[in-house]
Structure formats: structure tokens, C-alpha cells
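See structure below.
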Amino acid sequence: MEENKLSRLSVLLHSLLGFFIGFFSNSIALTITKIGAIFFGFVIVILFGFVLERFTGKRGFKWWLGNGLLFYLFLWFITWTFFYNI
């Protein structure tokens, strides 16, 4: 697969995952604890990083940081804050 397609796919998948995990983190924070929700969010993104590495090949941490991790963290936090304040 072409490098640009892999980057776009990674950003898209991390963004969708960040949105959904942000929604579920709100539920976890309300039922368990906020620390549990943070732990859940980081465990999911690390596991997803390993799964994505299988499909894209070893690209390294800097590639993952720029093509997914930052988008995930941003959308996760924004979504969680949005649903928490409703």
C-alpha cells in the first residue's frame, strides 16, 4: 500500500476509535472511576497500535505519533469532555 494511503487510513481509524472510546470512557467514568476510564483509553490505543502495526508493517513510534496517536488522544479527550458535560 502507498505511504499516503496508510497514513490516511491510520488517521481515520484512530479518529473513529478516539470518538467511540471517548463515549465509552464517559460511561466508565460514571460507573467505575475516572482513573479507570483513563487506563481503559490508554490500553485500547496501545493494543490498537500493535494491531495496526501488523497491517502497516513496522513504521516506528514517530510515525504512529504523527499519524494516529495525537488524533486519537485529541478526539478521545474532546468527546469524553463533551459527553461528561451533557
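Computed from a predicted structure; not experimentally measured.
For residues 25-50, the pairs satisfying ring-ring contact (aromatic ring centres under 6.0 Å, His included) are H14-F48, F42-W76, with sequence neighbours left out.
By the side-chain contact (heavy atoms from CB on, under 4.5 Å) test, I35 is found to be paired with T33, residues two or more places apart in sequence or in another chain being considered. Annotation: ring-ring contact (aromatic ring centres under 6.0 Å, His included) contacts of F77 (sequence neighbours excluded): none.
Closest non-hydrogen pair, S25 versus A37, comes out as O-CB, 3.4 Å.
Side-chain atoms of I28 and W80, non-hydrogen and from C-beta on, never get closer than 4.5 Å to each other. Using a 4.5 Å cut-off on side-chain heavy atoms (C-beta onward), E53 and K58 make contact.
Using a 4.5 Å cut-off between side-chain heavy atoms of Ile, Leu, Val, Met, Phe, Trp and Tyr, with links allowed through other members, W64 and F55 fall into different hydrophobic clusters. L65 and V43 fall into different hydrophobic clusters, where Ile, Leu, Val, Met, Phe, Trp and Tyr residues are linked whenever their side-chain heavy atoms come under 4.5 Å apart, directly or through other members. No continuous path of hydrophobic side-chain contacts links I86 to I78 [ILVMFWY only; heavy atoms under 4.5 Å]. Under the 4.5 Å side-chain heavy-atom criterion for grouping Ile, Leu, Val, Met, Phe, Trp and Tyr, I46 is connected to I44 within one hydrophobic cluster.
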Return a table of donor-acceptor pairs under 3.5 angstrom between the side chains of residues 66-75 and protein atoms on other chains or two or more places apart.
unit_1	atom_1	unit_2	atom_2	d
N67	ND2	W63	O	3.2
Y72	OH	G41	O	2.7

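Not one N or O on the side chain of S10 forms a donor-acceptor pair closer than 3.5 Å with the backbone of L6.
For the side-chain contact (heavy atoms from CB on, under 4.5 Å) with L13, the lone residue among L9, V11, L17 that qualifies is L9.
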